[in-house]
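Everything below concerns the one structure shown next.
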Amino acid sequence: MSRTPIIAGNWKLHMNPEQTTEFVDAVKDKLPDPSKVESLICAPAVDLDALRKAAKGSNLHIGAENCYFEDEGAYTGETSPKVLKEMGMDYVIIGHSERRGYFHETDEDINKKAKAIFANGLKPIICCGESLETREANKQEDWVVGQIKAALDGLTAEQVSNLVIAYEPIWAIGTGKTASSDQAEEMCKTIRETVKDLYNEETAENVRIQYGGSVKPANVKELMSKPDIDGGLVGGASLKPESYLELVNYQD
Ligand SMILES: O=C(CO)COP(=O)(O)O
């Protein structure tokens with residue numbers, strides 16, 4: 001088993017093209033060897049052209065924060081996965097709790113998006129995670145297993161081997177309240193077992209699972225030491241070059 005760790009910044013609704021170029025110029029020569037850690041930035045759609053240009057020739061992987069499940073048509077305001085591929089993106093985040101919550105994205109939408117992303121030769125980062133209410137009722141496992149089953153419905157074992165799942169408990173996002181490394185590991189392990197039940201052992205060993213929710217330089221090492229945590233999906237702490245570099249270089 002050799003899963004390459006993947007540390008991804010999710011910039012959410014921050015940064016403009018100029019700031020994007022400045023950020024990438026500041027980090028691109030200081031990234032880890034991509035065979036040791038994959039460094040990724042997922043940026044707002046309006047910054048992706050700047051991201052691609054600035055990251056060209058570097059070890060920085062690039063991605064979008066969302067896309068639609070159709071390649072083209074009368075869908076005002078949406079982002080085409082086909083064009084994201086043409087623009088040189090590697091990954092697309094789907095199913096983030098902010099998209100589920102504020103923009104009413106359903107499990108069915110997320111599943112359609114995953115299929116459209118694969119159809120265009122991109123890789124999805126599929127987010128899942130429970131609310132505080134669900135955690136307090138001790139129903140987080142059922143909740144997250146349900147989200148994973150719905151998101152992966154109809155995907156092949158090969159596709160699942162190549163995608164990334166991000167476990168992001170909603171109560172830990174942007175709150176400074178990180179899940180403990182044991183809580184994070186427990187759920188990432190449950191997700192891997194779910195993939196094993198749905199597919200097979202090999203697929204479960206291949207799929208990379210990130211933890212997200214107040215990941216920062218001070219806790220990244222501890223989280224990454226857990227056997228089922230293969231990466232981080234980082235919001236706030238990915239916005240400054242110094243902090244991002246500390247995260248991706250956590251092995252140093
Ligand atoms: O939602 C997140 C990443 O997708 C986590 O955000 P924070 O790292 O700001 O808590």
Side-chain angles (χ1 to χ4, degrees), residues 5-15 19-20 23 27 37-45 47-48 51 60-67 79 89-103 105 109-110 113-114 117 123-132 134-135 140 143-144 147-148 151 163-181 183-185 187-188 191 208-224 226 229-250:
I6 175 167
I7 305 281
N10 169 14
W11 280 356
K12 308 192 178 184
L13 194 53
H14 296 286
M15 308 289 252
Q19 292 165 324
T20 300
F23 179 100
V27 303
V37 178
E38 214 175 297
S39 309
L40 167 66
I41 289 289
C42 295
D47 297 331
L48 294 178
L51 182 65
L60 187 65
H61 290 254
I62 55 178
E65 297 174 11
N66 178 39
C67 71
T79 302
M89 296 304 126
D90 306 305
Y91 290 92
V92 187
I93 299 173
I94 51 172
H96 194 281
S97 58
E98 288 150 17
R99 300 244 20 121
R100 293 178 192 255
Y102 300 137
F103 305 102
E105 209 165 278
D109 295 332
I110 293 156
K113 289 181 182 195
I117 287 165
K123 291 179 185 180
I125 297 179
I126 300 176
C127 301
C128 59
E130 80 285 357
S131 66
L132 185 59
T134 304
R135 164 80 46 177
Q140 65 273 14
W143 179 265
V144 167
Q147 286 182 321
I148 294 300
L163 57 73
V164 177
I165 295 172
Y167 168 61
E168 300 204 309
I170 298 168
W171 47 272
I173 295 177
T175 57
K177 230 192 255 173
T178 325
S180 71
S181 55
Q183 283 174 321
E185 165 62 17
M187 289 301 289
C188 291
I191 292 167
R208 289 182 295 174
I209 305 176
Q210 296 175 313
Y211 165 77
S214 301
V215 176
K216 46 190 180 254
N219 60 21
V220 66
K221 238 186 186 152
E222 161 78 13
L223 288 160
M224 292 302 294
K226 297 292 177 186
I229 301 179
D230 307 314
L233 185 56
V234 189
S238 74
L239 293 168
K240 293 270 182 298
E242 314 76 61
S243 168
Y244 180 75
L245 283 171
E246 280 191 64
L247 291 165
V248 293
N249 289 300
Y250 74 93

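Counting starts at 1 for both ligands and their atoms, in listed order. Every value quoted in this text rests on a predicted model; they were computed, and no experiment measured them. Only heavy atoms go into these numbers, but all of them, side chains included; no hydrogens, no water, no symmetry mates.
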- Message: Is a donor from one side chain sitting under 3.5 angstrom from an acceptor on the other, for Glu168 and His96?
- Response: yes

- Sorted by first residue and then second, give each salt bridge (Lys or Arg N to Asp or Glu O under 4.0 Å) pair with at least one member in residues 123-132; sequence neighbours left out. Glu130-Arg135

- Sidechain-backbone polar pair: Gln210 side chain, Gly232 backbone, donor-acceptor under 3.5 Å: yes

- Message: Checking Thr175 against Ser214 for the side chain to side chain contact (heavy atoms under 4.5 Å, CB included) test, could you report, in this order, the C-alpha distance in whole Å, the side-chain angles of both residues, the deciding distance, and whether it holds?
- Response: CA-CA 7 Å; Thr175 57; Ser214 301; 4.0 Å; yes

- Message: Counting only heavy atoms and a distance below 4.0 Å, can you name the residues contacting ligand 1?
- Response: Asn10, Lys12, His96, Glu168, Ala172, Ile173, Gly174, Gly213, Ser214, Leu233, Val234, Gly235, Gly236

- Rounded to the nearest 0.5 Å, the CD1 atom of Ile125 sits from the CD1 atom of Ile93 at a distance of 5.0 Å

- Message: Check the orientation of Trp11 and Phe23. Use parallel for under 30°, tilted for 30 to 60°, and perpendicular for over 60°.
- Response: perpendicular

